[in-house]
Number of protein chains: 2
Amino acid sequence: MAEKKIHKSESKCTIQQILDVIGGKWSMSIIYALVPGKLRFKELERLIPGISTRMLVKELKNMEANKILTRTVFATVPPTVEYALTEKGVKLRPILDEMAKWGEEYVA
Amino acid sequence: MAEKKIHKSESKCTIQQILDVIGGKWSMSIIYALVPGKLRFKELERLIPGISTRMLVKELKNMEANKILTRTVFATVPPTVEYALTEKGVKLRPILDEMAKWGEEYVA
DNA sequence: CCGCATCCGGTCTGATACTG
DNA sequence: CAGTATCAGACCGGATGCGG
């Protein structure tokens, strides 16, 4: 009976609220790239094939607003901006792992 | 060292391929609604607040094409169409559960 | 050169109206 | 009931521009 907990104690459709935070088309890819450690803007752009500069900026902003990652600016001669996951962001790994498991079995 | 498996044996960014299947704005909500059992079109529409008929049709078609759910038509007088998760679709529950857990802790 | 804002064309989404 | 057709508006991606 405990297995149906998800269907009784949950508010209603938190899913939509969750997706507002991590449902972005590239959010998961960004998180995945940042799991090993912080990265610069350009590094992220290179690590995520297919993403556009514009969308990367947008997603990063949204994720920063949602406290999933932090943005640190260094006033160096070539501008340097580093992005790193917060604890809230790191805790998304289980979701990522489950997705990867499912993908390996049914997609790959 | 086994814990980094996700970052070495994985193709590259399967994430995008996975998201093509379950990354739709409403996919997860539909799956969530269908976990307890099959539902008719109108029932789904009622269970998912905010979705439009058009998007529901579209997502259902996409998910059917991706073998996540099945569509069964009954030639009754008032048309009846039932949607049910396939095994591939049921196996998405762990992801849903992880998302719910994360959401309860950080969103709700 | 890096990080990002802006402009522009194409795609997707949502509300409504209509068919079998 | 179960969808399709349509139109306007939001959104996405590529190229360009600009300060540091």
Side-chain angles (χ1 to χ4, degrees), chain A residues 12-13 15-31 33-34 37-66 68-85 89, chain B residues 12-13 15-34 37-66 68-85:
Chain A
K12 303 105 234 234
C13 241
I15 300 177
Q16 288 307 313
Q17 306 207 2
I18 297 172
L19 290 183
D20 279 345
V21 181
I22 60 169
K25 188 177 177 183
W26 302 97
S27 302
M28 289 314 234
S29 298
I30 294 172
I31 294 164
L34 283 176
K38 60 187 177 184
L39 291 173
R40 298 177 57 179
F41 186 88
K42 216 58 171 184
E43 294 175 318
L44 277 172
E45 201 169 6
R46 269 188 291 262
L47 280 175
I48 306 173
I51 197 170
S52 65
T53 307
R54 222 173 65 86
M55 289 319 296
L56 183 53
V57 173
K58 218 174 179 186
E59 293 276 18
L60 287 172
K61 252 181 203 160
N62 180 44
M63 293 167 74
E64 186 195 4
N66 284 307
I68 286 179
L69 51 78
T70 58
R71 194 179 96 110
T72 313
V73 181
F74 297 92
T76 51
V77 182
T80 302
V81 181
E82 285 183 347
Y83 294 90
L85 292 180
Chain B
K12 303 107 230 232
C13 241
I15 301 177
Q16 288 308 312
Q17 307 208 0
I18 297 173
L19 290 182
D20 278 346
V21 182
I22 60 169
K25 187 177 176 184
W26 303 98
S27 303
M28 289 314 236
S29 299
I30 295 172
I31 293 163
Y32 177 79
L34 283 176
K38 60 186 177 184
L39 290 173
R40 298 176 58 177
F41 186 88
K42 214 59 172 185
E43 293 175 318
L44 276 172
E45 202 169 5
R46 268 189 292 261
L47 280 175
I48 305 173
I51 198 171
S52 64
T53 307
R54 219 174 72 86
M55 290 319 295
L56 182 53
V57 173
K58 219 175 181 183
E59 292 276 18
L60 286 172
K61 257 181 197 158
N62 180 44
M63 294 166 75
E64 186 195 4
N66 284 308
I68 286 179
L69 51 77
T70 57
R71 195 179 95 109
T72 312
V73 182
F74 297 93
T76 51
V77 183
T80 303
V81 181
E82 284 183 349
Y83 294 90
L85 292 180

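FYI, side chains are in, hydrogens and waters are out, and symmetry mates aren't considered; it's all heavy atoms of this structure. So you know, we letter chains A, B, ... as the sequences are listed, proteins then strands, and number each from 1.
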Practice problem: Could you check whether Y83(A) gets within reach of a base, just the sugar-phosphate, or nothing at all, counting any heavy atom under 4.0 Å? | Solution: sugar-phosphate
Quiz item: Just how far, in rounded Å, is C1' of dT13(C) from CG of L56(B)?
Solution: 14 Å
Quiz prompt | Charged N-O contact under 4.0 Å between E45(A) and K42(A) | solution = yes
Quiz item: Quick one: is dA5(C) close enough that its OP1 or OP2 comes under 4.0 Å of any side-chain N or O from K61(A)?
Solution: yes
Quiz prompt | Heavy-atom side-chain contact between L19(B) and W26(A) under 4.5 Å | solution = no
Exercise. Rounded off to whole Å, could you give me the CG-to-P distance for the N62(B) and dT13(C) pair?
Key: 10 Å
Quiz prompt | 5' precedence on DNA chain D between T76(A) and W26(A) (nearest-nucleotide basis) | solution = W26(A)
Self-check item: Approximate separation, where rounding is to 0.5 Å, of N66(A) CG and I22(A) CD1
Solution: 10.5 Å
Quiz item: Looking at K58(B), does any N or O in its side chain come under 4.0 Å of the phosphate oxygens OP1/OP2 on dT13(C)?
Solution: yes
Quiz item: Of all residues at least two apart in sequence or in a different chain, which pass the side-chain hydrogen bond (donor to acceptor under 3.5 Å, both in side chains) check with D20(B)?
Solution: none
Quiz prompt | Protein-nucleotide distance (F41(A), atom CZ; dC1(C), atom P), rounded to Å | solution = 18 Å
Quiz item: Is E82(B) reaching over with its side chain to a backbone N or O of L39(B), donor-acceptor style, under 3.5 angstrom?
Solution: no
Quiz item: Would you say the side chain of V81(B) lies within less than 4.5 Å of the side chain of R40(B), judging by non-hydrogen atoms?
Solution: no
Quiz prompt | Base versus backbone protein contacts along nucleotides 15-20 of chain C [heavy-atom cut-off under 4.0 Å; B, S, -] | solution = B----B
Practice problem: Would you confirm whether N62(B), through its side chain, and K58(B), through its main-chain N or O, come within 3.5 Å as a donor-acceptor pair? | Solution: no
Quiz prompt | Opening and closing nucleotides of DNA chain D in contact with chain A, under 4.0 Å to non-hydrogen atoms | solution = dC12(D) to dG20(D)
Quiz item: Does the side chain of L44(A) reach to within under 4.5 Å of the side chain of I51(A), using non-hydrogen atoms?
Solution: no
